[in-house]
Amino acid sequence: VIAAPGSGKTFVISEKIKLNLKSLLEHQGVIAISYSNKASTELKNRSLSNGENPLSSFFGTIDKFNLSEIIIPFSKHLFGIPKTQIKITKLSSLPKEEIEIFDWFNRNLTLEELSDANIGLLKSYFLEGSIFIETIGLLANYVYTNSIACQKYIRARYKYVYIDEYQDSGFEQHQIFQKIKFLNIKAIA
């Protein structure tokens, strides 16, 4: 859906979500993503404005989706159980010598460019209870791609994925969207 700002794109998406919710079973839902907490709350409120049952739907940001539906539940299967509760931090919060070991990282990095050493580094921080906000998209792509359980979970739980303000998507978000779409989940941006 391409249209000018204020033309009603979010309204159309929320109306489509309302219709979708009527056809889903209790354990199913839609993924409804926007790029800020405020926009996500607005999309949720509009989509549920007539008392619709959200069923097992997800409303939130792409980072929240990646964390709560992919990384937190399924990284444990690939990496092991963290020693402490997961906290989200910024790479810049690390001591300078630790920041330097992430000189390989950039937001346009593809999974094919990721080395075993890079994954090992992300794994070691995960096991210590840390996920860096800058790496959420890359880590979600890695976990999703390498966890059949994650793919089966997404396919079983969600039947539609909506992304509002898709022009704000980054490379990693686009990759996740494409992968979810290929699970035969109807995708609308």
Under the ring pair (Phe, Tyr, Trp, His ring centres under 6.0 Å) rule, what pairs show up with a residue in residues 62-81, not counting sequence neighbours? Phe58-Phe65, Phe74-His77, Phe74-Tyr153, Phe79-Phe126
Quick check against the 3.5 Å criterion: does Glu15 have a side-chain atom that pairs as donor or acceptor with the backbone of Val12? no
Per the salt bridge (charged side-chain N to carboxylate O under 4.0 Å, His left out) rule, what does the pair list look like for residues 55-66, sequence neighbours excluded? none
Going through the checks in order, is the side-chain contact (heavy atoms from CB on, under 4.5 Å) test met by Glu172 and Leu109? CA-CA 8 Å; Glu172 296 150 342; Leu109 191 64; 5.8 Å; no
Measuring from Ile31:CD1 to Ile62:CD1, what's the distance to the nearest 0.5 Å? 8.5 Å
Any luck finding a side-chain donor-acceptor pair between Ser115 and Asn118 under 3.5 Å? yes
I'd like to check the ring-ring contact (aromatic ring centres under 6.0 Å, His included) partners of Phe105; sequence neighbours left out, ordered by chain and number. none
Determine the minimum heavy-atom distance between Ser75 and Val143, stating which atoms define it. OG-CG2, 3.3 Å
Rounded at 0.5 Å granularity, tell me how far CD in Gln175 sits from CG in Leu111. 6.0 Å
Please determine, by modelled atom types, if Tyr125 and Glu98 share a side-chain donor-acceptor pair under 3.5 angstrom. yes
Does Asp116 have more than 12 heavy atoms from other residues, nucleotides or ligands lying within 6.0 Å of its CG? no
side-chain contact (heavy atoms from CB on, under 4.5 Å) with Glu128: which residues, sequence neighbours excluded? Lys83
What is the minimum heavy-atom distance between Ile180 and Val161, and which atoms define it? CG2-CG1, 4.1 Å
Asn66 versus Ala140, closest heavy-atom pair with distance: CG-CB, 3.5 Å
Do Ile17 and Tyr160 come close enough that some side-chain heavy atom pair is under 4.5 Å? no
Under the salt bridge (charged side-chain N to carboxylate O under 4.0 Å, His left out) definition, can you give me all pairs with a residue in residues 31-53, not counting sequence neighbours? Glu42-Arg46
Spatial distance of atom CD (Glu97) from atom CD (Glu100) [nearest 0.5 Å]: 7.5 Å
Is there a donor in the side chain of Lys18 and an acceptor in the side chain of Ser49, or the other way round, less than 3.5 Å apart? yes
Please report the interatomic distance CZ(Phe102) to CG(Leu121), rounded to the nearest 0.5 Å. 4.0 Å
Sub-4.5 Å side-chain heavy-atom contact between Ile131 and Thr89: no
Do Tyr35 and Ile70 share a hydrophobic cluster (ILVMFWY, side-chain heavy atoms under 4.5 Å, transitive)? yes
According to a 4.5 Å side-chain heavy-atom criterion applied to Ile, Leu, Val, Met, Phe, Trp and Tyr, with indirect links allowed, do Ile13 and Ile185 form part of one hydrophobic cluster? no
Take Tyr166 and His174 through the side-chain contact (heavy atoms from CB on, under 4.5 Å) test and state the conclusion after the steps. CA-CA 9 Å; Tyr166 195 69; His174 176 70; 2.6 Å; yes
With a 3.5 Å distance limit and no angle check, can you tell me whether Thr145 reaches the backbone of Tyr142 through a side-chain donor-acceptor pair? no
So Gln151 and Tyr144, do their side chains get closer than 4.5 Å, heavy atoms only? yes
Within a strict 4.5 Å, meaning less than it, do heavy atoms of the Phe59 and Ser40 side chains meet? no
Atom pair OG/NE2 of Ser56 and His27 - distance to nearest 0.5 Å: 8.0 Å
d(Tyr162 OH, Ser14 OG) to nearest 0.5 Å is 10.0 Å
In this structure, would Phe182 and Phe171 fall into the same cluster of hydrophobic residues linked by side-chain contacts under 4.5 Å? no
Let's go through Val30 and Leu24 carefully: what are the C-alpha distance in whole Å and the side-chain angles of both, what is the deciding distance for side-chain contact (heavy atoms from CB on, under 4.5 Å) to 0.1 Å, and is it a yes or a no? CA-CA 9 Å; Val30 301; Leu24 298 176; 4.1 Å; yes
Shared hydrophobic cluster for Ile188 and Ile154 (ILVMFWY, side-chain gaps under 4.5 Å): no
Compare every heavy atom of Ser169 with every heavy atom of Ile163, then report the nearest pair and how far apart it is. CG2-OG, 4.4 Å
If you group Ile, Leu, Val, Met, Phe, Trp and Tyr by side-chain heavy-atom gaps below 4.5 Å, do Leu127 and Leu78 land in one group? yes
Going by side chain to side chain contact (heavy atoms under 4.5 Å, CB included), Phe132 matches just one of Leu139, Leu138, Leu91. Which one? Leu91
Please report the closest heavy-atom contact between Leu21 and Pro54, naming both atoms and the distance. CD2-O, 3.8 Å
Any side-chain heavy atom of Tyr158 within less than 4.5 Å of one from Leu183? no
Under 3.5 Å, side chain of Lys76 to main-chain N/O of Ile71, donor-acceptor pair present? no
Is it true that a side-chain atom of Ser57 and a backbone atom of Gly29 form a donor plus acceptor pair closer than 3.5 Å? no
Between the side chain of Ser23 and the main-chain N/O of Asn20, is any donor-acceptor distance below 3.5 Å? yes
Please list all pairs meeting salt bridge (charged side-chain N to carboxylate O under 4.0 Å, His left out) that have one or both residues in residues 150-165, counting only residues at least two apart or in different chains. Glu69-Arg157
